[in-house]
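Here the structure comes first, spelled out in structure tokens, and everything after it is commentary.
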2 protein chains.
Amino acid sequence: MSFILKLVVTLSEENYLKAIYHLGKQGVNAVSTNAIAEKMDTKASSVTDMIKKLAEKNLVNYIKYQGVSLTKEGRLTAASVVRKHRLWEVFLVEKLHFSWDEVHEVAEQLEHIQSKKLINELDVFLDYPTHDPHGDPIPDKDGNISKTDKIILSQLQVSERCMCVGANDSSADFLKYLDKHHIALGTQIQIISKEPFDESMTIKVGDVAINISKVVSNNIYVKSQTL
Amino acid sequence: MSFILKLVVTLSEENYLKAIYHLGKQGVNAVSTNAIAEKMDTKASSVTDMIKKLAEKNLVNYIKYQGVSLTKEGRLTAASVVRKHRLWEVFLVEKLHFSWDEVHEVAEQLEHIQSKKLINELDVFLDYPTHDPHGDPIPDKDGNISKTDKIILSQLQVSERCMCVGANDSSADFLKYLDKHHIALGTQIQIISKEPFDESMTIKVGDVAINISKVVSNNIYVKSQTL
DNA sequence: ATTAATTTTTAGTCATATCTAAAAAAATAT
DNA sequence: ATATTTTTTTAGATATGACTAAAAATTAAT
Ligand SMILES: [Mn+2]
Ligand SMILES: [Mn+2]
Ligand SMILES: [Mn+2]
Ligand SMILES: [Mn+2]
């Protein structure tokens, strides 16, 4: 007789796993205590406490003073939370008239609702979306995400054309800035000129040309148009 | 200069307020500590602890040894939680293929999501439903519920006709029993006969006659058909 | 009106998740 | 190589929400 007891993961633990998941995606193998603390707006000592609990539950690999990485189980749990977060964001925008700068806060709560059926049916209801309203990929049930070859707008050369496929910074402030300049997912952009002194660039959005700072161009993901 | 600071109500506090709200609906003025403890499957001492916190926040009126009642503020908060619970139940059944015996557990989680816009838009999206999948009324934004003149099936006389408008017991077991006998909201029922010795009754549902116990007829709400 | 039973409250404990301050280890600089 | 700075961990404290056991108040019974 074998017992498979479904591991209970608290809301707090889910948030830590998600933070480690996002930080780990930057190609780093081990994530530092301080990085987690900063991302979660908490203290390093609190992070250490939690890491021990997560290690105890085999959700992270942890060596003192050497940072943490997710185990297979931990990564799957984190991906599930991200999947829920992004599906809910799609729901809010597509069905409930939310704008893309309003969804994050609510999705932070909804991502912790526990119900396999709920999230599966939501996926069906939304017709299996692959990306959230910010252009971020939605992990599938197994935690796999479709690789996209998005690049940062600031890396493009003058005269190149591209399409907006995401925002790196998804703060309400930045998203509202994009709205103001009519930049949304799918918007066509052409590079008109680049200023060497401050690295700002002038781009054409629709019929209007606007100048955007390096900070802005660094936070817009685009797909190069090879036409 | 006046400060209106939005009172923070925890998830746990919301659940207590909801329990007091439901218990208070039975025409009782003050709700006893033990009644709350039983409803919430907790200990009386825990209830006393929480009651003090709720009284401190002016959400309940509390006199030692004399039970509690909701203040205006407490009643509004409780009604808001019930509103959310029932709107989510409608969503799950209408949009996500849940059956009426599957929704409660998930709604228990969803009812605590905090977002005015979310619940208002959900209301719009569902086209302003007045009742949840179990026939229970959905409070409006001000906490008011539409009075329905529903009666208990067991009170009807032989040959009377009625329509099912709700279930008093909304446990999965009971709801599945109703499903099995094709009794749902809106189902037409006629009383064929009543047995005096065990108070069971035979009713006609569609074309088939079935015998139901007093326990069952006590838990089905109906509206008398005056045709 | 006492006594007995029930209900409710208090006192003390525990687990979770947080924090501050201090100690220990690791990384960096001289 | 040693000293300084930074990072991380430990130790101890606090708040929430729950529990058990015992005391106090209320209600019911004789
Ligand atoms: Mn988000
Ligand atoms: Mn997003
Ligand atoms: Mn319910
Ligand atoms: Mn219901």
Side-chain angles (χ1 to χ4, degrees), chain A residues 5 7-20 23-24 26 28-70 74 77-78 81 108-109 111-112 114, chain B residues 5 7-20 23-24 26 28-70 74 77-78 81 108-109 111-112 114:
Chain A
L5 58 110
L7 188 68
V8 176
V9 182
T10 69
L11 184 147
S12 197
E13 286 168 347
E14 283 190 346
N15 281 332
Y16 275 94
L17 290 174
K18 190 173 54 135
I20 298 165
L23 290 168
Q26 266 70 56
V28 191
N29 12 25
V31 177
S32 77
T33 301
N34 260 7
I36 299 169
E38 187 176 3
K39 172 144 247 189
M40 302 201 59
D41 196 25
T42 185
K43 300 291 149 137
S45 56
S46 303
V47 174
T48 303
D49 285 347
M50 183 55 84
I51 283 172
K52 286 178 182 166
K53 273 179 248 174
L54 294 174
E56 193 59 44
K57 291 184 175 181
N58 285 306
L59 293 165
V60 297
N61 306 117
Y62 171 51
I63 308 168
K64 263 193 189 180
Y65 292 100
Q66 315 229 145
V68 288
S69 61
L70 295 171
T77 305
V81 175
E108 283 294 303
Q109 299 177 62
E111 70 188 8
H112 301 290
Q114 319 255 204
Chain B
L5 57 112
L7 188 67
V8 176
V9 182
T10 68
L11 184 148
S12 198
E13 287 167 347
E14 283 190 346
N15 281 332
Y16 275 94
L17 290 174
K18 190 174 54 135
I20 298 166
L23 291 168
Q26 266 69 56
V28 192
N29 13 23
V31 177
S32 77
T33 301
N34 260 6
I36 299 168
E38 187 176 3
K39 172 144 247 189
M40 301 201 59
D41 195 25
T42 185
K43 300 291 149 136
S45 55
S46 303
V47 175
T48 303
D49 285 348
M50 182 56 84
I51 283 172
K52 286 177 181 166
K53 274 179 246 174
L54 295 174
E56 193 59 43
K57 291 184 174 180
N58 284 305
L59 293 165
V60 298
N61 306 116
Y62 172 52
I63 307 169
K64 264 191 187 182
Y65 293 100
Q66 315 230 143
V68 288
S69 61
L70 294 171
T77 306
V81 175
E108 284 293 302
Q109 298 177 62
E111 71 188 7
H112 301 291
Q114 318 256 202

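Numbers restart at 1 for each chain; the letters A, B, ... are given by sequence-line order, proteins then strands. The figures that follow rest on heavy atoms only: side chains count, while hydrogens, waters and symmetry mates do not.
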- Message: Could you report the tightest heavy-atom contact between A:K18 and A:E111, atom names first, then the distance?
- Response: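 Smallest interatomic distance, heavy atoms only, reads NZ-OE2, 2.9 Å.
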- Message: If I take atom CG in residue A:D49 and atom C1' in nucleotide C:dT16, what distance separates them, rounded to the nearest angstrom?
- Response: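 Atom-to-atom, A:D49 to C:dT16, this comes out as 10 Å.
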- Item | Atom pair distance, as rounded to whole Å: NZ in A:K43 and P in C:dT20 |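 Whole-Å distance recorded here is 4 Å.
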- Query: Looking across every strand, which nucleic acid part, if any, lies under 4.0 Å from A:S45 by heavy atom: base, sugar-phosphate, or nothing?
  - Reply: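 Here A:S45 touches the bases of the nucleic acid.
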- Message: Apply side-chain contact (heavy atoms from CB on, under 4.5 Å) to residues B:V9 and B:L17 and explain how you reach the verdict.
- Response: CA-CA 10 Å; B:V9 182; B:L17 290 174; 4.2 Å; yes
For DNA chain D, which residues in [range] have a heavy atom at a distance below 4.0 Å?
| range | answer |
| --- | --- |
| residues 51-61 of chain A | A:K52 |
| residues 62-70 of chain B | B:Y65 |
| residues 11-18 of chain A | none |

- List in chain and number order the residues that pass salt bridge (charged side-chain N to carboxylate O under 4.0 Å, His left out) with B:E14, two or more places apart in sequence or in another chain; answer none if no residue qualifies.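 Testing B:E14 for salt bridge (charged side-chain N to carboxylate O under 4.0 Å, His left out), a comparison that skips the adjacent residues, returns none.
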- Task: Extract, from 5' to 3' on DNA chain D, the first and final nucleotides lying under 4.0 angstrom from some heavy atom of chain A.
- Result: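 Here the contact window of chain A covers D:dT7 to D:dT10.
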- C:dC19 phosphate, OP1 or OP2: any side-chain N/O from A:S46 under 4.0 angstrom?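 Result: yes.
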- Give me the residues of residues 31-41 of chain B where at least one heavy atom lies under 4.0 Å from an atom of DNA chain C, by number, or none.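 Residues of residues 31-41 of chain B that come under 4.0 Å of DNA chain C are, in numerical order, B:S32, B:T33, B:N34.
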Quiz: residues 50-64 of chain B side-chain donor-acceptor pairs under 3.5 angstrom, not counting sequence neighbours:
residue, atom, partner, partner atom, Å
B:K57, NZ, B:V8, O, 2.9
B:K57, NZ, B:E13, OE1, 2.9
B:K57, NZ, B:E13, OE2, 3.0
B:N61, OD1, B:S69, OG, 3.3

Could you list the donor-acceptor pairs under 3.5 angstrom formed by side chains in residues 36-49 of chain B, with sequence neighbours left out?
residue, atom, partner, partner atom, Å
B:T48, OG1, B:A44, O, 3.2

- Any chance you could measure A:Q66, atom CD, to A:N29, atom CG, to the nearest 0.5 Å?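 Answer rounded to 0.5 Å: 11.0 Å.
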